[in-house]
Amino acid sequence: MNPSAPRPRRPALTARFGLLAALLLSAGPSRSQELKVEETTLSNGMKLLVLPRKDEPTIAGGWVAHVGSANERPGITGISHLFEHMMFKGTPTIGTKDPKKDLELIAGQEKVRTAMREEVSKMRAAWRRGEIDDLTKPENKTERYKALEKEFDALVKAQRDLLVKNEFDRIYSSQGGSGMNAFTTNDLTGYWVNVPKNKLELWMWLESDRLKNPVFREFYAERDVVYEERRLRVESTPTGRLDETFDEIFWHGSPYAWPVIGYPSDLPAITKQEADAYYATYYAPNNVTAILVGDVDPKAAAALAERYFGRIPRGAVPPPEIVTEAPKWDAEVRVLGEAETNPAIELRWHTVPFEHRDSYPLQILAGLLNGRTGRLEKALVLPADAVATSARASAGELMSPQKYAGSFSIESEAKEGKSLAEVEKGIDAEVARLRADLVGAEELEKVKNNVAASAFRRLSSNFFILMQLMIYDGYGDWREMNEGPKKAAAVTAEEVRRVARQYLTKENEAVLLVSRKGGVPPPPRSRPHGMSGEVPR
């Protein structure tokens, strides 16, 4: 990769979702554009949200499972993202030419896999004793494992002869549907497709069928696909592992510490039994919300939803509540790394979760720093003696504030010939200004106007509204789409200064410094250490 290329963002979301969430989440509709969503709760606890829009004869349909990587544990990290893949594999009637034979082959595969795991346990014990150096090397596999591997491969080949690939998508496409896809984050997993308005019942049948009767075909093969996705998006990128390490350190003690895509040691070890138990808990209808946006009648949709989705049994065990929180810091943390990329820096602070009252002044704070006329650009990028080629702030990760915790970050890439120490000094100066002085009325109003304008633009299509509803509902309450903009519009200059003083402190800060591989490493921190978070930086 060209070392002058911009440093890529960390893969917090899967590739299918990309940066769309970052464009959608920062604000909802303006006060005059409140969404008139009708909410229904089905007999099994599943929620249905319907937003009628008669602009075009189509419906954007989706559903969100309230589960993401934060619901995992070490040993099965990446399982939520794995389900994003598995939910496209079909049902007893979709995805196979012979349902009975297909299930027999899956049972046979599981029997062989159980025996293979016993051999892996022996190999892992040998590795701990130092008798072998790498579990993945063919020469380190036991003879029984090699024999079982051949038996398993034969069963996989037999099943593949029965598969009907991508049948869900083919059915939708043949009926005028489009854009079928999904995404996974720390907090939620979403699925969507666009269909003509006269295909609503088709959507109800297909989506309820794959929720009620999923068949996890090619489970182990798809597990390997996810492992390869991790290799491409994390391990083969210049800063992928550094970003992952920084996330782990920053979120230490929190379920946000592990990556959405999972750890490389966990992915190959996830069993189908573990997947079945995870699915039964987190994909139960009482943990799912279906959403329809478009030319649809709410009452008719609710009746169809009860007929199709209502037949899915409620989960036997409620999903456990997440209670683990990252411990408070009392000192700054700094992470130094090298990569084949331009020198870059990120300063990140712990803040607040979704719906917290301070999330709105933090959002405005990010707006003050961002954009061509924002403070970071003016101070670091545009001057004749600029120290950076780019600089941006975010009130958290790509989809922040997150459900259980939040963060605020400032990222910048050093200009050729400039040091990271110079960039950090410039960032510190802007943070100190925000902590010391009240923002002017005109500058504050400009940011609020930008928030309102971007919110209005997000109402341009059924699909964009659907995505926002999925995200907000997944984080806790879709109504925040209507209420959030009012709260952002009411933020005062004093609140902006207060949150800057409260959260953007040394004691609450982690810093990632990435120097070019083979270049000069960043110097030790020279900024004075203050005693109080109330002292301007």
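The first residue of the sequence shown is numbered 1, and numbering continues consecutively from there. Just so it is clear, the structure is predicted and the values come from calculations on it, not from any experiment.
- Lys425 and Glu430 are not joined by a salt bridge, as no carboxylate oxygen comes within less than 4.0 angstrom of a charged side-chain nitrogen.
- With salt bridges taken as basic N to acidic carboxylate O contacts below 4.0 Å, one links Glu377 and Arg372.
- Of all heavy-atom pairs between Val296 and Ile59, the closest is CB-CD1, 3.9 Å.
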Residues Lys486, Glu34; criterion salt bridge (Lys or Arg N to Asp or Glu O under 4.0 Å); working and verdict: CA-CA 10 Å; Lys486 302 173 190 176; Glu34 288 192 359; 2.4 Å; yes
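- A donor atom on one side chain and an acceptor atom on the other are not found under 3.5 Å apart for Glu248 and Trp258.
- In plain terms, the two heavy atoms of Val50 and Ala301 that are nearest each other are CG2-CB, 4.1 Å.
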Which side-chain N or O atoms in residues 323-330 pair as donor and acceptor under 3.5 Å with protein atoms at least two apart or in another chain?
none

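- Side-chain contact of Tyr278 with Asn71: a donor-acceptor pair under 3.5 Å is absent, judged by distance alone.
- Thr58 and Glu56 are linked by a side-chain donor-acceptor pair at a separation below 3.5 angstrom, with hydrogens and angles left out of the test.
- A salt bridge links Asp247 with Arg348; the closest basic N to acidic carboxylate O contact falls under 4.0 Å.
- Taking all atoms of both residues into account, the shortest heavy-atom contact from Pro485 to Asn482 is CD-O, 3.6 Å.
- Salt-bridge formation is detected for the pair Arg73/Glu274: a Lys NZ or Arg NE/NH1/NH2 atom is positioned less than 4.0 Å from an Asp or Glu carboxylate oxygen.
- Residue Leu365 comes nearest to Val496 through the heavy atom pair CD1-CG1, 3.8 Å, listed as atom of the first residue, atom of the second, then distance.
- A donor-acceptor contact under 3.5 angstrom links the side chains of Lys446 and Thr373, judged on distance only.
- At a cut-off of 3.5 Å, with distance as the only test, a side-chain donor of Asn462 or Arg53 sits close to an acceptor on the other residue.
- Here the side chain of Thr77 pairs no donor or acceptor atom with the backbone of Pro74 at under 3.5 angstrom.
- Lys418 and Glu422 make their closest contact through CA-OE1, 3.4 Å (heavy atoms, listed as atom of the first residue, atom of the second, distance).
- Residues Glu413 and Ser390 bring no donor and acceptor atom of their side chains to less than 3.5 Å of each other.
- Taking the charged nitrogens against the carboxylate oxygens, Lys506 and Glu509 have no contact shorter than 4.0 Å, which rules out a salt bridge.
- A donor-acceptor distance shorter than 3.5 angstrom exists from the side chain of Glu495 to the backbone of Thr492, with no hydrogens or angles considered.
- A tilted orientation is assigned to the rings of Tyr404 and Tyr256, their planes being inclined by 30° to 60°.
- The salt bridge (charged side-chain N to carboxylate O under 4.0 Å, His left out) with Glu443 is formed by just one residue from the set Lys448, Arg433, Arg375; it is Arg375.
- Considering Phe250, Tyr503, Phe408 in turn, Phe250 is the only one that fulfils the ring pair (Phe, Tyr, Trp, His ring centres under 6.0 Å) rule with His350.
- At least one side-chain heavy atom of Val288 sits under 4.5 Å from a side-chain heavy atom of Leu211.
- Contact check on Arg334 versus Glu332 returns a salt bridge, with a Lys/Arg side-chain nitrogen under 4.0 Å from an Asp/Glu carboxylate oxygen.
- Side-chain N/O atoms of Asp473 and His66 include a donor and acceptor closer than 3.5 Å.
- For Ala70 against Asp187, the heavy-atom pair with the smallest separation is CB-OD1, 4.1 Å.
- For the pair Arg435 (side chain) and Arg501 (backbone), a donor-acceptor distance under 3.5 Å is present.
- Between the side chains of Gln468 and Trp478, no donor N or O sits under 3.5 Å from an acceptor N or O.
- The aromatic rings of Tyr191 and Tyr283 lie perpendicular to each other, with more than 60° between the two planes, well past the 30° mark.
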